[in-house]
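Notes to accompany the following structure.
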Amino acid sequence: MTVSSRRSASTVAVDPGQSYPLGATVYPTGVNFSLYSKYATGVELLLFDDPEAAQPQRTVRLDPHLNRTSFYWHVFIPGLRSGQVYAYRVFGPYAPDRGLCFNPNKVLLDPYARAVVGWQHYSREAAIKPSNNCAQALRGVVVDPTDYDWEGDRHPRTPYARTVIYELHVGGFTKHPNSGVAPEKRGTYAGLIEKIPYLQSLGITAVELLPVHQFDRQDAPLGRENYWGYSTMAFFAPHAAYSSRHDPLGPVDEFRDLVKALHKAGIEVILDVVFNHTAEGNEDGPTLSFKGLANSTYYLLDEEAGYRNYTGCGNTVKANNSIVRALILDCLRYWVSEMHVDGFRFDLASVLSRDADGNPLSDPPLLWAIDSDPVLAGTKLIAEAWDAAGLYQVGTFIGDRFGTWNGPFRDDVRRFWRGDQGCSYALSQRLLGSPDIYSKDQWYAGRTINFVTCHDGFTLHDLVSYSHKHNWANGEQNRDGTNDNYSWNYGHEGETTDPTVLSLRERQQRNLLATLFLAQGTPMLTMGDEVKRSQQGNNNAYCQDNEISWFDWSLCDRHADFLAFSRRLIELSQSLVMFQQNELLQNEPHPRRPYAIWHGVKLKQPDWALWSHSLAVSLCHPREQEWLYLAFNAYWEDLRFQLPRPPRGRVWYRLLDTSLPNLEACHLPDDAKPCLRRDYTVPARSLLLLMARA
């Protein structure tokens, strides 16, 4: 084994190193490198003095006899330290029909790289062409995770029952010129730190960040950029473009600064992680890392060694292979133990239950390993429990700890308020935490992550402003994005000045938000819904890194009254124990446990008929002495609801009436007004919440 230099012909001896741990590990006297590649015949470690250098300053040729243990290639190089830039060339057979895609012309990223550099000259196209791409390839950076002062940082460990999730995009949150953030910090981790007071004022307890693992911004239609980030290149590295710092270690430290600052504000950090596919795509995609190291190990291949595509993104990670499973677990542990994040939302998580042939496993090893891992024991685990090939596991997703995005909640709440038939019973189940979906032995408040909107689909404003998607800006002739939006424009497609239409749209937005925060389970609010952010009808803005997707901070002033309503609604829901408890509600009165009694416009006569557009429910928490009454009227005419008699010595107080203007609609218990009636006329398309108080 030798080190060759472009500046001299001399060679120096280096230590054989060790196979564990994988990646680049810093020791007091140097750095150990270890890489998995089962069928490789040779490996070169490339060392760069400059992140943007066209060629490496040193090349370490690993000896297959001295630097290989089993299928791991390793070397220890004295004198190196944190900040060293490196990459690999890997030699071996090129036989795609047998799943082997070795190409020494391609410079490869270490799958365990903690930071990625080389963006100034990076070319995805160069990684596709057969020629040498060294000058245009990305490189990893050696990182010492212990070289950071966490200042006693601790995980907030907020229980699910008291959690309010805010799904946001790190770049889009502060990238708008009117964000008030300095130009050099817009769209960065540092920029987000400046907006933490806004999150606190809204009542947020956890941010769910769209992908911050290093992704390929060039993985998008011609002339556009990948904005959402579901195109991972390096699972251990924070996305460099979200850092205001340009030194090799800057993104790592700036991300840790963000986590530390959010924790000081009592806000947890949940990462949206994409382990179901990578940026390398199918056989027409680039060779960036995994494909050139061990293609058949990392990806699900069919009988002809073609890429199985259960993700809609060209390839599918072979998650239950032992090597890949170890990588994913190592990655999750790293982000928790060294980067201090508090949880993960697993994109297309059902893919992670498939075996080597693509068949769903009843006991997938990876998912059970994540569920039971002691390092991850205190984290929030949230699954998007479906994939792009028809596998749907909401309510049946494995594990004792996984919560799931409740897709039926989104759809049923939208359909009910739109006025669809046959939705009243479905809404009753969503309000109770979906006991028809989750079995009683599995149910707890965090099991269902309730949402009405998310990054994928219409915003809240667009949900009530567009009956059809308008994705022309994506360059795919409006073919992309779902057609099943359950939306309605209420008389005019898109923006309008008609006061009648605008008033009804605003009321429906209040209804949708109120239903979200008054249901059992963990609510998730999407960035900007609290100020009516619009994407101009685009329901798939994955490649729109512009004002279509960014948070427009002028909306905070333009829609200050709706923002005030949103804040008060969240504060109200967090002030009532009924909406912060883990127990499954009983269906009949109980002396100690919380329960629900269903009504229609008449007491104890719920109307589950196909044509019904209304329902009501009494909610009681005996231990906490909370008595509540909720009435929902999605009908286009006013309905008079009989009110149950409040407990002795108490009267009804009106906490919420969405038919009223934003600043009058919602009140906390201490400033609510009494409602001395035996019935209440709930106006068309509105929601009522009463509380019995002494």
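No experiment lies behind these values; they were computed from the predicted model shown.
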Note to self: Contact between T278 and M233 at the side-chain level, heavy atoms closer than 4.5 Å - yes or no?
What the structure shows: no
Check: Taking only residues two or more places apart in sequence, or in another chain, which ones meet R325 in a side chain to side chain donor-acceptor pair (under 3.5 Å)?
Finding: none
Note to self: Working note: F33 + H74, criterion ring pair (Phe, Tyr, Trp, His ring centres under 6.0 Å); need CA distance, chi angles, decisive distance, verdict.
What the structure shows: CA-CA 5 Å; F33 297 87; H74 46 80; over 10 Å; no
Margin query: Check D144 with R81, please: is the shortest side-chain N to carboxylate O separation under 4.0 Å?
Written below: no
Next item on the list: Would you mind reporting whether S434 and W443 have side-chain heavy atoms less than 4.5 Å apart?
Entry: no
Check: Side-chain contact, heavy-atom cut-off 4.5 Å: P622 with Y595?
Finding: yes
Item checked: Within-4.5 Å side-chain heavy-atom neighbours: N32 and S34 -> yes
Next item on the list: Would you mind reporting whether W335 and F255 have side-chain heavy atoms less than 4.5 Å apart?
Entry: yes
Item checked: Note, I267 side chain near P156 side chain (heavy atom, < 4.5 Å) -> no
Next item on the list: Determine, step by step, whether L668 and E571 satisfy the side chain to side chain contact (heavy atoms under 4.5 Å, CB included) criterion, reporting the C-alpha distance in whole Å, the side-chain angles of both residues, the deciding distance to 0.1 Å, and the verdict.
Entry: CA-CA 8 Å; L668 296 176; E571 186 177 5; 3.4 Å; yes
Margin query: So E530 and R567, do their side chains get closer than 4.5 Å, heavy atoms only?
Written below: no
Notebook entry, point to check: Taking the six-membered ring for Trp, are Y36 and Y298 parallel (under 30°), tilted (30 to 60°) or perpendicular (over 60°)?
Noted result: perpendicular
Note to self: If the threshold is 4.0 Å, N to carboxylate O, is there a salt bridge linking D412 and R430?
What the structure shows: yes
Check: When you check the gap from the basic side-chain N to the acidic O, do R157 and E268 get nearer than 4.0 Å?
Finding: no
Item checked: Any donor-acceptor N or O pair under 3.5 Å, side chains N406, T448 -> yes
Notebook entry, point to check: Salt-bridged, E583 to R623, with N to O below 4.0 Å?
Noted result: yes
Next item on the list: Taking the six-membered ring of Y334 (Phe, Tyr or Trp), confirm whether the NZ or CZ of R114 is under 6.0 Å from its centre and within 45° of its axis.
Entry: yes
Next item on the list: Answer whether the closest heavy-atom distance between the side chains of S566 and L513 falls below 4.5 Å.
Entry: yes
Check: Would you call the rings of Y299 and Y307 parallel, tilted or perpendicular if under 30° counts as parallel and over 60° as perpendicular?
Finding: perpendicular
